[in-house]
There are 2 protein chains.
Amino acid sequence: MREHNLALALREIAFAHTPVSRADIASATGLTRATASSLVDALVGAGLVVESGPTARPRGGRPATGLVLSSTGPAGIGIEVNVDYVAVCVMDLAGVVRHRRIEGGDWRDVPAPEALARAASLTADVARSARRSGLRLAGAALAVPGLVQAPYGPLQLAPNLGWQDLDVLAVLRDAPDLPAVPLTVDNEANFAALAELYAAPAEPGAPRSFLHVSGEIGIGSGIVLNGALVRGRHGWSGELGHLTVSPDGPDCTCGSRGCLEQYAGLDAILRAAGLPAPRGTSLGGVSAVERIVETAKTADPSMLAALESAGTALGVALAGALNLLDLDAVVLGGAYARLAPWILEFVEQEIGGRLLSAPWSAPQVRASLLQADAAVLGAARSVVQGVVDDPASWVARVGA
Amino acid sequence: MREHNLALALREIAFAHTPVSRADIASATGLTRATASSLVDALVGAGLVVESGPTARPRGGRPATGLVLSSTGPAGIGIEVNVDYVAVCVMDLAGVVRHRRIEGGDWRDVPAPEALARAASLTADVARSARRSGLRLAGAALAVPGLVQAPYGPLQLAPNLGWQDLDVLAVLRDAPDLPAVPLTVDNEANFAALAELYAAPAEPGAPRSFLHVSGEIGIGSGIVLNGALVRGRHGWSGELGHLTVSPDGPDCTCGSRGCLEQYAGLDAILRAAGLPAPRGTSLGGVSAVERIVETAKTADPSMLAALESAGTALGVALAGALNLLDLDAVVLGGAYARLAPWILEFVEQEIGGRLLSAPWSAPQVRASLLQADAAVLGAARSVVQGVVDDPASWVARVGA
DNA sequence: AGGCTTATGTTCAAGGCCTAAACAAACCTG
DNA sequence: CAGGTTTGTTTAGGCCTTGAACATAAGCCT
């Protein structure tokens, strides 16, 4: 009961981006001002919330004392190991990124323990900085590009890293210097979707359901239904790249035929435009996306045609997802956020034609608000959100 | 708090298919025996639960008094208006169908108010019978074959009934004699999935996620994620029939091309086998499914080929859904339950080849346990389940 | 400036519900 | 028939919410 009400009160403070008063919380939640006061006291005592000074009322009355999320309260660490970089960040309760490290390189042929050791070292580094800033670490979440049994299980397969059947969290935990915090792991696409979910704050109760396309080398996606990630039975949901676009289409590396990846993957786009596919997207050279964007900007006809057919294929796959799930929106993230100017039109056109309900209510299709680092941000956010969703256990942890 | 615990206790009684004791509830929920006792007293007082006599303990000790769901407590009415029949049933708390009426006929060219008036009349009929059996009606749910804004909204489109933009609940409510109970409406495919969900009782906490294919004339589906129906933004989820199987395939009635319905719909199967498509599936004549089953039993080569290609197309679409959602199982319901012997193999084969995660953990693919009346049962079940999920409001309703 | 109005936040008694422990009931075993 | 065991109830205690009164701190009006 207390547990539930603490979460209720904290959510009001978290969702509002301006300071709220105890009275606001009371009227928004239906609780008494007395109860709201008591809840807020507990939250302040646990270091989750701080008072931000009096705010004058418009037409008289005692000024309210504003409440905001503490910037010295619990913080979450996001860790992302990807093909051409390792990134780490620390996010505070309010969602502000307080520290970050990124290290480029080609991690494809590096043994997994080595890559994870590097990630652990960066993590230890930001953790020290965070502690110096007065933050208390609530946990860390690892984003990986592959199939993984979220939130604790082993990694099954990360094709682009060349990893397979590996208990990544155990390896990470064994690294020296790693701060002793709870660890979780999930697919980078899921975390990227989570980041998008919280990028544009909305009403507390507003249902938000969307699919976030998250393509770099493969094409993944994260599905958010009513504000919650759909992880699936094993945490393997969102494998958009291997949706069948045409059953007799070109062979795919997965063993199937006609997968979306063969039409709309970055390699496929470059191939279709008659350009050589660079190996990976290393920071040193010119990345695949850059290459495509540059060429598209010159209005190169074969590139524009390649993007049109990629957008069309993506639209076919997304129309399928929308027919199945009746979502509010589709968000193009990752590489597709950059390519949106050239593909959005075709994606929308295909969705308009193939989605049964489109004539009544067409879903929104838009590019992501975030940059390429959506996954790290989402990972860190997942930790922070865990505290916001269940403040009672944090209160207990601090008390002990 | 009380609200939550009442639901907790009732769920224990509902999920167990043998009588449970107050002590069982206490140990299963972690509450005290005293609290469990108090909760049970409230449930018994509200007529939701009855004691079923003492049950001896195996190794001594005081015998427990068994608790089961009351068969004279609240009951739900399910109403289904479909192309060739109108069906109504009353289900009690335990999930037993206590009364039912079905009326055949061809409702396609009948004006909507007339069909709904007929449904209302049948409903009033079973409601009287139910009251005579000592049941109290908690509500009624209407299943319709089309896009509808669940759970209260108007019907947008029911192509096979020829209905469009109609507030079905308002029409139904205006019918004379209709019992004054809360009304809801949803797609028949959603209700059929719900019926399947509760057909095979499982552990209370066990996550159950599956897609239930529900084809009669069109191909719909209901998606259950972690034991809850996914209704989507407007309640339009599960439109499996218009998933694109091949982007350049045959034109579909929906305006798109290459929809699953054009490959695996009953009409499509008959066409592919060289048989004329009967109009609808009227009870008087031989239905489309019957026709297909009969022909397939004679091992007619063109029919077998038609079923193979239907199964393959269905497999392609289902593999897409599974790649997106990572479900536990796919259940073939409606007409496809009957056709399972001839198509299951091809559906599984296609899923095995196209589902990225299949090598690690292949989802179950099976025929539905229920007959064609899954939708009515599911509709009635939705009402019953509403009471089980929120007993507190029923307790309040009875008290008032 | 002083009183009135308005709104916030706190204090305090009352009640609801859960917990823990003791107690009564009912059956089996030897 | 006594001892053991398990169920269900009773009772005292404590946590948390409620509702109302009260204190605080402004703006507004004369």
Side-chain angles (χ1 to χ4, degrees), chain A residues 1-13 16 18-46 49-68 390-393 395-396 399, chain B residues 1-13 16 18-46 49-68 390-393 395-396 399:
Chain A
M1 166 111 266
R2 184 68 166 183
E3 198 176 322
H4 180 242
N5 284 344
L6 273 175
L8 220 58
L10 186 54
R11 190 158 48 208
E12 288 301 322
I13 301 174
T18 58
V20 291
S21 70
R22 292 166 169 80
D24 291 338
I25 293 172
S27 70
T29 60
L31 299 167
T32 326
R33 282 208 308 278
T35 308
S37 231
S38 139
L39 293 168
V40 167
D41 288 350
L43 294 173
V44 170
V49 167
V50 290
E51 303 195 335
S52 69
T55 61
R57 293 281 97 186
R59 246 187 317 282
R62 171 175 171 174
T65 55
L67 299 166
V68 293
D390 180 19
S393 58
V395 171
Chain B
M1 165 113 268
R2 185 67 165 184
E3 198 175 321
H4 180 242
N5 285 343
L6 273 175
L8 220 59
L10 186 54
R11 190 158 49 207
E12 288 300 322
I13 301 173
T18 57
V20 291
S21 69
R22 291 167 169 78
D24 291 339
I25 293 172
S27 70
T29 59
L31 299 167
T32 325
R33 283 208 307 278
T35 309
S37 232
S38 140
L39 293 168
V40 167
D41 288 350
L43 293 173
V44 169
V49 167
V50 291
E51 303 194 336
S52 69
T55 61
R57 293 281 95 186
R59 245 187 321 280
R62 171 173 170 176
T65 54
L67 299 166
V68 293
D390 179 19
S393 59
V395 171

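Protein chains get the first letters and strands the later ones, always in sequence-line order, with residue 1 at the start of each.
- Donor-acceptor pairing under 3.5 Å, judged by distance alone, is present between the side chain of Arg62(A) and the base of dT8(C).
- You won't find any donor-acceptor pair under 3.5 Å spanning the side chain of Arg22(A) and the base of dG9(C), going by distance alone.
- Residue Ala64(B) is classed as a sugar-phosphate contact, given heavy-atom separations below 4.0 Å to backbone atoms only.
- Within the 4.0 Å cut-off from OP1 or OP2 of dC18(C), at least one side-chain nitrogen or oxygen of Asn5(B) is found.
- Here the P atom of nucleotide dG9(C) and the CG atom of Leu31(A) are 15 Å apart, to the nearest Å.
- Counting non-hydrogen atoms under 4.0 angstrom, Ala34(B) reaches a base of the nucleic acid.
- Across all their heavy atoms, Ser37(A) and Arg22(A) have their closest contact at OG-CD, 3.4 Å.
- The CD1 atom of Ile25(A) sits 11 Å away from the P atom of dT10(C) (whole-angstrom rounding).
- Close to dC15(D), at under 4.0 Å from its OP1 or OP2, lies no side-chain N or O of Arg2(A).
- Panel note: side chain Asp41(B), backbone Ser38(B); no donor-acceptor pair is recorded below 3.5 Å.
- Where Gly61(A) and Ser38(A) each meet DNA chain C at their nearest nucleotide, the meeting point lying more 5' is that of Gly61(A).
- Nucleic acid contact for Thr32(A): base, since at least one base atom lies under 4.0 Å from a heavy atom of the residue.
- As a whole-Å value, the separation of Glu51(A) CD from dT8(C) P is 15 Å.
- When each of Met1(A) and Ala23(B) is assigned the nucleotide of DNA chain D bearing its nearest heavy atom, the one mapping closer to the 5' terminus is Ala23(B).
- As a whole-Å value, the separation of Leu6(B) CG from dG16(C) P is 15 Å.
- Distance Asp41(A) CG to dT17(D) C1': 15 Å, rounded to the nearest Å.
- For Arg33(B) and dA20(C), the CZ to P distance is 12 Å, given to the nearest whole Å.
- Here Leu6(A) contributes atom CG and His4(A) contributes atom NE2; the two are 10.5 Å apart, rounded to the nearest 0.5 Å.
- When heavy atoms are screened at a 4.0 angstrom cut-off, Thr35(B) is found touching base atoms of the nucleic acid.
- Side-chain contact between Leu39(B) and Ile25(B): absent, with no pair of heavy atoms (C-beta onward) separated by less than 4.5 Å.
- Considering only side-chain N and O atoms, Ser21(B) lies under 4.0 angstrom from the phosphate OP1 or OP2 of dG8(D).
- To the nearest angstrom, C1' of dG8(D) lies 12 Å from CG of Asp24(B).
- Residue Asp390(B) comes nearest to Glu3(B) through the heavy atom pair OD1-CG, 4.3 Å, listed as atom of the first residue, atom of the second, then distance.
- Look at CD on Glu3(B): it is 15 Å from P on dT17(D), rounded to the nearest Å.
- Contact annotation: Thr65(B) reaches the phosphate of dG8(D) (side-chain N/O to OP1 or OP2, under 4.0 Å).
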